[in-house]
There are 2 protein chains.
Amino acid sequence: MPAATDPSVLGGELATQAARFVRTLRRELDIPASARVLSVLDEHGPSGVTSLASAYGCTQPTMSALVAQLVEQGWTEKSPHPTDTRSTLVSLTPAGHSELARVRRLNGEHVAARLAEHPTLTTAQLRTAVEVLRVLVPAPETQTGSTSS
Amino acid sequence: MPAATDPSVLGGELATQAARFVRTLRRELDIPASARVLSVLDEHGPSGVTSLASAYGCTQPTMSALVAQLVEQGWTEKSPHPTDTRSTLVSLTPAGHSELARVRRLNGEHVAARLAEHPTLTTAQLRTAVEVLRVLVPAPETQTGSTSS
DNA sequence: GGAGATACATAGGATTCCTATGTAAAGTGG
DNA sequence: CCACTTTACATAGGAATCCTATGTATCTCC
């Protein structure tokens, strides 16, 4: 089958497969987009909306909406910024940490199931895929964050 | 940063990065979802709507809409199936081939630009990423198709 | 010929995101 | 201290992508 070396073709293939992967994941695991924000929040620690948007790679209004969803579900909470009244600090609640763990487990199980069907695939290759995708995106800023779960 | 080996974490990362990659691509290149169908059509040759949906990885109604868009833009055309009146054969028009070439070029340029910024990344790794994503999706049926451009 | 399967279309709605724009609070120079 | 600009968020409105449910015509097979 397709085993091209032409970056143009590979890029197209990557786009197609990535889009499909995302679509399939959405349908099968039923994980809302906002859940991915939890991961960013976990990495970066309590942040403002704009900063989160930048880290997540979406616009500020979009992040406003995502955060609103997360707050409504009790996964994050907004507290006033100590020195800047305009800003708010969004942070994970315990429930948010649980949800993050749940989502990671779901993803893990899904990936593991596929891996089991294809013994040739290694986790090293998996990691390569992650690296490639990470590189192929503009990358906002890679500031260090917090930790947890 | 994240350099995990845990499939669970890697799966989550992959999901996040893939989603972001797709989003960025959509925004920056402004390529409609229907354009990816052109690629499928090119690989599989003239096909019915349901078959396309399966190959593309979406539902039949969704593919109906996508095909309708493609036809409206003159990139594909529908002809009656020779033996089955219910079915139609969707096939690429010359304009469709051109568009496919254009999209591939855009994707290629985009990927090439990123690759240029990261000399450490090889096309082999790129191909690995494609393979990984391909594996991580249920894969409908890999029947051989036609050719062209 | 009639029951069930198959191919496609349509209707209606959920999700995800963006652009444009408004409002309030910080900074900044005079 | 006072405009003026910048920054942080929120809201409004709409576009794109997909799905489920359902209807209609056609094919298959007994």
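Hydrogens, waters and symmetry mates are skipped; everything else that's a heavy atom, side chains included, is used. Just so it is clear: chains get the letters A, B, ... in the order the sequence lines come, proteins before strands, and each one is counted from 1.
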Base, sugar-phosphate, or nothing for A:Ser87, non-hydrogen atoms under 4.0 angstrom? sugar-phosphate
Under 4.5 Å between side-chain heavy atoms, counting indirect links through other Ile/Leu/Val/Met/Phe/Trp/Tyr residues: same cluster for A:Leu14 and A:Val22 or not? no
Atom pairs under 3.5 Å, N or O on each side, protein against nucleotides 12-14 of chain C: can you list them with distances?
none

Within the side chain of B:Ser39, is there an N or O that forms a donor-acceptor pair under 3.5 Å with the backbone of B:Ala35? no
Please check the phosphate of C:dC17 (OP1 and OP2 only) for any side-chain N or O of B:Arg27 closer than 4.0 Å. no
Can you tell me how far P of C:dT15 sits from CZ of A:Arg26, to the nearest Å? 11 Å
Test your reading of the model: is there a side-chain donor-acceptor pair from B:Arg23 to the backbone of A:Gly57, 3.5 Å cut-off? yes
Return yes if some donor-acceptor pair links the side-chain N/O of A:Gln125 with the main-chain N/O of A:Thr122 below 3.5 Å, else return no. yes
Comparing A:Thr83 with A:Pro61, nearest DNA chain C nucleotide closer to 5' gives the residue A:Pro61
Check ion pair A:Arg114-A:Glu28 (N to O, under 4.0 angstrom): yes
Output yes when a side-chain donor or acceptor of B:Thr76 lies under 3.5 Å from a complementary backbone atom of B:Ser91, and no otherwise. no
Please tabulate, one pair per line, each protein N/O and nucleotide N/O from nucleotides 2-6 of chain C that are separated by under 3.5 Å, including the distance.
unit_1	atom_1	unit_2	atom_2	d
C:dT6	O4'	B:Arg86	NH1	3.4
C:dT6	O2	B:Arg86	NH1	2.7

Considering every strand and a 4.0 Å limit on heavy-atom distances, what is the contact class for B:Thr24: base, sugar-phosphate, or nothing? nothing
Taking a hydrophobic cluster as the set of Ile, Leu, Val, Met, Phe, Trp and Tyr residues connected by side-chain heavy atoms closer than 4.5 Å, whether directly or through intermediates, do B:Val71 and B:Leu38 fall within one such cluster? yes
Any side-chain to backbone donor/acceptor pair from A:Thr93 onto A:Gly96? Under 3.5 Å, distance only. yes
Nearest-nucleotide comparison on DNA chain C, the residue closer to the 5′ end among A:Thr85 and A:Cys58: A:Cys58
What is the 5' to 3' range of DNA chain D, first to last nucleotide, that sits under 4.0 Å from any heavy atom of chain A? D:dT7 to D:dC19
Check the distance between C:dC17's C1' and B:Glu28's CD and give it to me in whole angstrom. 15 Å
Donor-acceptor pair, B:Ser98 side chain versus B:Pro94 backbone, under 3.5 Å? yes
Look at all strands and tell whether B:Pro32 reaches a base, only sugar-phosphate, or nothing, counting heavy atoms closer than 4.0 Å. sugar-phosphate
Under 3.5 Å, side chain of A:Ser51 to main-chain N/O of A:Ser47, donor-acceptor pair present? no
Between P on C:dT16 and CG on A:Leu25, what's the gap in Å once rounded to a whole number? 13 Å
Does B:Thr62 reach a base, just sugar-phosphate, or nothing at all? Heavy atoms under 4.0 Å. base
Let me know the distance between CZ of A:Arg23 and C1' of C:dT16, rounded to the nearest Å. 14 Å
First of A:Ser64 and A:Ala19 reached from the 5' end of DNA chain D, by closest nucleotide: A:Ser64
If only atom types and distance count, is the side chain of A:Thr62 paired as donor or acceptor with the main-chain N or O of A:Cys58 below 3.5 Å? no
Could A:Glu13 and B:Arg127 be called an ion pair, given the rule that one side-chain N must be under 4.0 Å from one carboxylate O? no
For B:Arg20 and C:dT16, what is the distance between atoms CZ and P respectively, to the nearest whole Å? 17 Å
Per nearest nucleotide of DNA chain D, the residue lying toward the 5' end, B:Gln60 or B:Ser34, is B:Ser34
